[in-house]
There are 2 protein chains.
Amino acid sequence: MSLTPTIDATIDDQAARAAWLYYVGGLTQDQIASEMGLSRQRAQRLVSRAAAAGLIHVRLNHHLARCIGLEAALRERFGLVRCRVMPGLGPSRDPVRSIAPAAAEEMERVLAESGSRVIALGTGRALRGMVDALSPVEAPQHRLVSLLGNIALDGSASYFEVIMRLAEKVRAPHYPMPVPVLVDTVEENRTLQALGAVRKVRGLAQKADVTFVGVGQMSEDAPLMTDGFLTPDELHEIQRAGAAGEVAGWIYDGQGRYLDLSLNARLTGVRVEIATPERPVIGIAAGAAKIVALRAALTSGIINGLVTDEPTAAGILAG
Amino acid sequence: MSLTPTIDATIDDQAARAAWLYYVGGLTQDQIASEMGLSRQRAQRLVSRAAAAGLIHVRLNHHLARCIGLEAALRERFGLVRCRVMPGLGPSRDPVRSIAPAAAEEMERVLAESGSRVIALGTGRALRGMVDALSPVEAPQHRLVSLLGNIALDGSASYFEVIMRLAEKVRAPHYPMPVPVLVDTVEENRTLQALGAVRKVRGLAQKADVTFVGVGQMSEDAPLMTDGFLTPDELHEIQRAGAAGEVAGWIYDGQGRYLDLSLNARLTGVRVEIATPERPVIGIAAGAAKIVALRAALTSGIINGLVTDEPTAAGILAG
DNA sequence: GGTGCGCGTGAGTATTTGCCCATACGGCGA
DNA sequence: TCGCCGTATGGGCAAATACTCACGCGCACC
């Protein structure tokens, strides 16, 4: 066996080693360069590559007093099973950055269970951030199941694939919803629902032990619209019907009651029903635009767990 | 509730917030300063304070090819239940920095078990590093027990307290060994061993489900000597008797067989007997000086799990 | 009340890092 | 074979960061 420790096969190996020396060892990029026999620029590129590729995870080991206070208040007011409030990053930054590591910790807590669990998953940017922030763990004892598909009306797949990425990281059996989120007609939907594959996934999702979902707002920047599931006209009509938010595509009003919309008959996904302490539904969402949607979902108990950030938590409680 | 988000009570809160903005948010220290209403220097100090205090944890999300190879080789050669090899940090750096995060992950894996476990712990710098690198988790279902005390012959407590720190982080019931590691006479030892408290701790330690220990070398820089448990003369005598290493104070030879020393009768701690797959003993150690001690302990099966670094792993396998 | 000590602060400065650009390398089609 | 294009590389430079030092404040002790 060669004793030269610095020769690795792949570029990712090099990047990981450079990042290790940088972040864990505390070497400067110059030192890394000479240690690994590279130019400083290359060392710098490797470190930044590792950071960009998510090879290194940074976590804060301290609950801020203010965040703890908000957690306690939310827990009490809405009877939450789980609640995490992370510090905000200022208005100009994506709040997903802030909540993703905490959401990943919640997911890891579930994955660490030795008994077999069924874990249901929504879609969206926040969930995708959670998966990206997750440390790979072998957890083949669990089953992962989608609540809804990943394909828009026009056939395009969403960028924010969640279940496959997660399955890859934890090596668990997974059951994506193999149909578009929304179909054109009620008949089409009926046909799809009759498919064995769809029925199996639905059945599994409905008995999920724990569910992780994003929460969508129904304002002008509604993810349902920006992701191409609704036209602006449809959105406005639904807004007039009192829409406050949406979980896995199912739209509810300001009290968190699901709305009886014609759209519903064309939705293929599984509707998340009222969460229980034994089968919690964890909402992962943050941002000023989502405050109303979150408060409604918490009020009626569509979700009974929450990972959010400080300003969002304050906003929810202020209402 | 105040909506000014940047005023925190304690300095640690401030440090944690600054570090969060810096590491997770990616703000510059200038931006943090204006966000929190501080001078840039103060922001810098807060960030470095948080880093020094271990408020932030960095973990690498990638197994280097070379390390995986070493892990596989060690596993195969010594029949290990668990094995982690982390990249080395170069000869001038403390290898504990390198192995502590990986050891913490192993510990977290045990703590995440939902069933109640008895976790036995040795002492030493490596274990202390592991505890420092551990993320706080509530794990009150487990019991933590010391294999040996923390007090030297002269009554001074070791700097590397492990069990209390760990208990604090995980909020688990804990049973420190309430006596000095080594006593002056055999009679004293007999008296102490008769104490109910000691017998209870010994009993618990002997039925531990998993054990984490450091591994001490018996060369001139033996931790047993530098920590004040042995005089140089005693060390040399024991070296002549064939000492290769030590686990929890119990000294063994180059084949990992415990030596029959007069010293043994004055040791108060629990001797780690042969590990089994059901009740693994994980060794946490790295450094060129420890290679011989580790190889011996692995050979006889005193430990059947290992967390070490790359050069140490290569050295063990080279013998 | 003076004096010395320790701690925290801000200014200045050296080091380190991130980024841009010119250049070299290698594949590929004309 | 030549020229083109995409990619990777190292030099240089501006920004960001870490360190040092002198100062000021509070506090305890004299």
Side-chain angles (χ1 to χ4, degrees), chain A residues 4 6-62 64-65 87 89-94 97-98 132, chain B residues 4 6-62 64-65 87-94 97-98:
Chain A
T4 47
T6 56
I7 294 160
D8 286 293
T10 73
I11 197 101
D12 262 14
D13 252 32
Q14 279 199 304
R17 184 178 295 275
W20 179 262
L21 293 171
Y22 188 71
Y23 289 104
V24 180
L27 310 211
T28 71
Q29 297 179 352
D30 264 325
Q31 293 173 296
I32 294 166
S34 62
E35 182 103 1
M36 296 178 64
L38 312 163
S39 70
R40 193 190 67 77
Q41 289 77 358
R42 185 151 169 73
Q44 196 276 333
R45 282 187 181 103
L46 287 171
V47 171
S48 82
R49 179 197 188 86
L55 260 45
I56 57 133
H57 284 182
V58 180
R59 273 183 198 172
L60 184 63
N61 212 348
H62 182 94
L64 281 88
L89 294 176
S92 61
R93 310 261 153 182
D94 182 0
R97 271 179 98 145
S98 192
D132 288 341
Chain B
T4 46
T6 55
I7 296 161
D8 285 295
T10 73
I11 196 102
D12 263 14
D13 252 33
Q14 280 198 304
R17 183 178 297 275
W20 179 262
L21 293 170
Y22 188 70
Y23 289 105
V24 179
L27 311 208
T28 70
Q29 298 179 351
D30 264 327
Q31 293 172 295
I32 294 166
S34 61
E35 182 104 4
M36 295 179 65
L38 311 163
S39 71
R40 199 185 65 71
Q41 289 85 341
R42 184 148 170 73
Q44 197 276 330
R45 282 189 181 102
L46 287 171
V47 171
S48 83
R49 178 198 188 87
L55 261 43
I56 57 133
H57 284 181
V58 181
R59 272 183 200 172
L60 184 63
N61 215 343
H62 182 93
L64 280 88
L89 294 176
S92 61
R93 311 258 153 185
D94 181 2
R97 270 179 97 143
S98 193

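Proteins come first, then strands; the chains are lettered A, B, ... in the order of their sequence lines, and each starts at number 1. We use all heavy atoms of the structure for the numbers below, so side chains are in, but hydrogens, waters and symmetry mates are not.
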For the residue pair A:A43 and A:I32, what are the closest heavy atoms and their distance?
-> CB-CG2, 4.1 Å
Taking only residues two or more places apart in sequence or in another chain, which ones pass side-chain contact (heavy atoms from CB on, under 4.5 Å) with B:S39?
-> B:Q41, B:R42
Please list, chain by chain and in numerical order, all residues satisfying side-chain contact (heavy atoms from CB on, under 4.5 Å) with B:R97, sequence neighbours excluded.
-> B:L89
Across all chains, not counting sequence neighbours, the side-chain contact (heavy atoms from CB on, under 4.5 Å) partners of B:A15 are B:L46, B:R49, B:A50, B:L55
Min and max contacting nt of DNA chain C in 5' to 3' order, chain B heavy atoms within under 4.0 angstrom, are C:dT9 to C:dA11
Rounded off to whole Å, could you give me the CD-to-C1' distance for the B:Q29 and D:dT17 pair?
-> 6 Å
Write down the distance between CG (A:D30) and C1' (D:dT17), rounded to a whole number of angstrom.
-> 15 Å
Which atoms form the tightest heavy-atom contact between B:I56 and B:A51, and what is the distance?
-> CG1-CA, 4.1 Å
How close do B:V47 and B:Y23 get, heavy atom to heavy atom, and via which atoms?
-> CG1-CE1, 4.0 Å
So, does A:W20 use its side chain to make a donor-acceptor pair with the main chain of B:P87 at under 3.5 Å?
-> yes
All side-chain contact (heavy atoms from CB on, under 4.5 Å) counterparts of A:T28, not counting sequence neighbours = A:D30, A:Q31
Contact list for DNA chain C against residues 38-48 of chain B - heavy-atom distance below 4.0 Å = B:S39, B:Q41, B:R42, B:R45
